[in-house]
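The structure appears right after this line, and notes come after that.
As the structure lists them, so they are numbered: ligands from 1, and atoms in each ligand from 1. The structure presented is a predicted model; accordingly, all values stated were derived computationally and were not measured.
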Amino acid sequence: MSLSRSQKIELELFEAEVNRHKPADFLQFSANYFNKRLEQQRLFAKRQESVAESKGVVLFPQVSEQESSAAADLSKNDVQEEQGDDLADVTFKSPFVGQDPHSTSSSQKGSGQGIFKGGFNVGQEASHRAGSPMGPRSNDDSGDDNKNNQSQFKRHTGNYKSLPTNFNAERRTSVSAETFQPGSLDNWTPPYYVEKTPEQLDRLFKAVGGNFLFNKLDTDSKKLIINALEEKRVDKGTEIIKQGDEGDFFYVVEKGTVDFFVNHHKVNTSNAGSSFGELALMYNSPRASTVIAQTECVLWALDRLTFRKILLGSSFQKRLMYDELLKNMPILQSLTTYDRAKLADALDTEYYEPGQEIVREGDVGENFYLIEYGECDISKKGQGVINHLNAHDYFGEIALLNDLPRQATVTATKRTKVATLGKSGFQRLLGPAVEVLKLNDPTGKSRGLAAA
Ligand SMILES: Nc1ncnc2c1ncn2[C@@H]1O[C@@H]2COP(=O)(O)O[C@H]2[C@H]1O
Ligand SMILES: Nc1ncnc2c1ncn2[C@@H]1O[C@@H]2COP(=O)(O)O[C@H]2[C@H]1O
């Protein structure tokens, strides 16, 4: 049997913890770790479900019967036999109570409602996270909630507070360990869950609900993202990201303004509703800029794995799709990763069959074209074919640069795939490449426009 993706991720997380702690007693460490992990997961799931329900959101889809009965067998054999039947009565209750042999509801002891009825205090508000702004995730939230849940955890709570609640907070994921398959979430869960108060959930829905990045997601993906997002409040002047660092989080700005600096020069500013920090996570590259809070900011941070797993394949799909093409276009060599990413966002794809005209001499020019594959002839009335284009060539720039009608006809001679860039994107997004286009203009019409 091969491991599922979520199981592999659990093992990755565990390995990272072992490497971090280098325990002398490996088995004891492992036992503590997985007990703790299970506690966290169950407790989190229960709280979030009840908070989300109050907002009319269903966070956790039901597991398949097969999976839950397998889990039930596993826990019956492994937990009850090793730790005693009575332990199973008060701890580690499956959230899927109906099928869980350890559930108080299945043994008629539970009094709660909904799928999380049973061994947890449904509806209790999660404690508020109180960590330092950009520091590691706080361990404080084991406090009140644990007191509230003491009766449920009495067999465990001896160690509960001393164990780090957010053990993987500082974890940096090795790129090679990441699995990325757009659209296939299976039973994957975010590497950690971040509890939220009702007030936070309310703001979160407002902050990300209308954000174009999240609009594209299906319901299950949205739930996973909401699970994983963590609120970070930063003071004015805080360095949120440092140029050159490894990427760990992607950020959405709920409130405030951030400035971006490349080699100490301010290059950009973003406000509420915007997001940043995606480039290093997408391309596995160092941070492309330093990001500093211009004002006090409220941010929502998404961990690298969840970002790659969920957002990358949907919201940033175009960037992935056009990455190879843009990297291989000689004309675009002067663009930075950031420029290329923005350009990719604005591109569309068109296909042409042999013999089809892509642009016609004399027409109004609306698009600029990059050839991904295929071949085209360029012809002019009275002159016939004057040029031939291949993959990674471009055309359609003269009309846009000079506000002129098309200077020639471009016809596909093989099946051709082009990326098209509209006029406004052409003017905004090509950056330094525009100067090269002007200098290369075969008609010479744009050369007068080129910077001296
Ligand atoms: N002009 C810019 N150049 C580079 N990064 C920028 C720029 N403007 C905004 N950014 C953001 O700054 C972030 C720094 O971290 P990343 O490289 O992960 O992702 C980067 C972009 O999201
Ligand atoms: N000698 C040429 N004269 C005109 N257009 C050319 C020539 N060589 C290549 N082209 C391309 O053909 C395109 C036709 O549309 P545009 O005039 O917008 O931009 C033109 C150039 O990209």
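- In this structure, Gly247 does not count as a contact residue of ligand 1, since none of its heavy atoms falls inside 4.0 Å of the ligand.
- Nearest to atom 18 (O) of ligand 1 among the protein's heavy atoms is Arg287 NH1, 2.7 Å.
- Under the 4.0 angstrom criterion for non-hydrogen atoms, Gly365 is not in contact with ligand 2.
- By the 3.5 Å distance cut-off applied to N or O atoms, Tyr394 is not counted among the residues near ligand 2.
- Of the N or O atoms in Gln407, one or more lie within a sub-3.5 Å distance of an N or O in ligand 2.
- Looking only at protein heavy atoms, the nearest one to atom 6 (C) of ligand 1 is Tyr338 CD1, 3.5 Å.
- With respect to atom 22 (O) of ligand 1, the closest heavy atom belonging to the protein is Glu278 OE1, 2.6 Å.
- For atom 8 (N) of ligand 1, the closest non-hydrogen atom on the protein side is Asn268 ND2, 3.0 Å.
- Atom 14 (C) of ligand 1 has its closest protein heavy atom at Ser289 OG, 3.4 Å.
- Counting atoms of ligand 1 from 1 in the listed order, those under 4.0 Å from a heavy atom of Phe276 are 22 (O).
- Taking the charged nitrogens against the carboxylate oxygens, Asp377 and Lys414 have no contact shorter than 4.0 Å, which rules out a salt bridge.
- Closest to atom 17 (O) of ligand 1, if we only count protein heavy atoms, is Ala288 N, 2.7 Å.
- For Ala399, a nitrogen or oxygen atom sits less than 3.5 Å from a nitrogen or oxygen atom of ligand 2, counting backbone and side chain alike.
- Relative to the ring axis of Phe205, Lys222 does not place its NZ or CZ within 45° and under 6.0 Å from the centre.
- Summary of contacts: the protein heavy atom closest to atom 10 (N) of ligand 1 is Phe260 CD2, 3.5 Å.
- Within the listing of ligand 1, atoms 16 (P), 17 (O), 18 (O) sit less than 4.0 angstrom from a heavy atom of Ala280.
- For ligand 2, the polar-atom distance check against Glu397 finds a nitrogen or oxygen pair separated by under 3.5 Å.
- When only non-hydrogen protein atoms are considered, atom 20 (C) of ligand 1 lies nearest to Leu279 CD1, 3.8 Å.
- Polar contact with ligand 1: absent for Val267 (N/O pair, distance under 3.5 Å).
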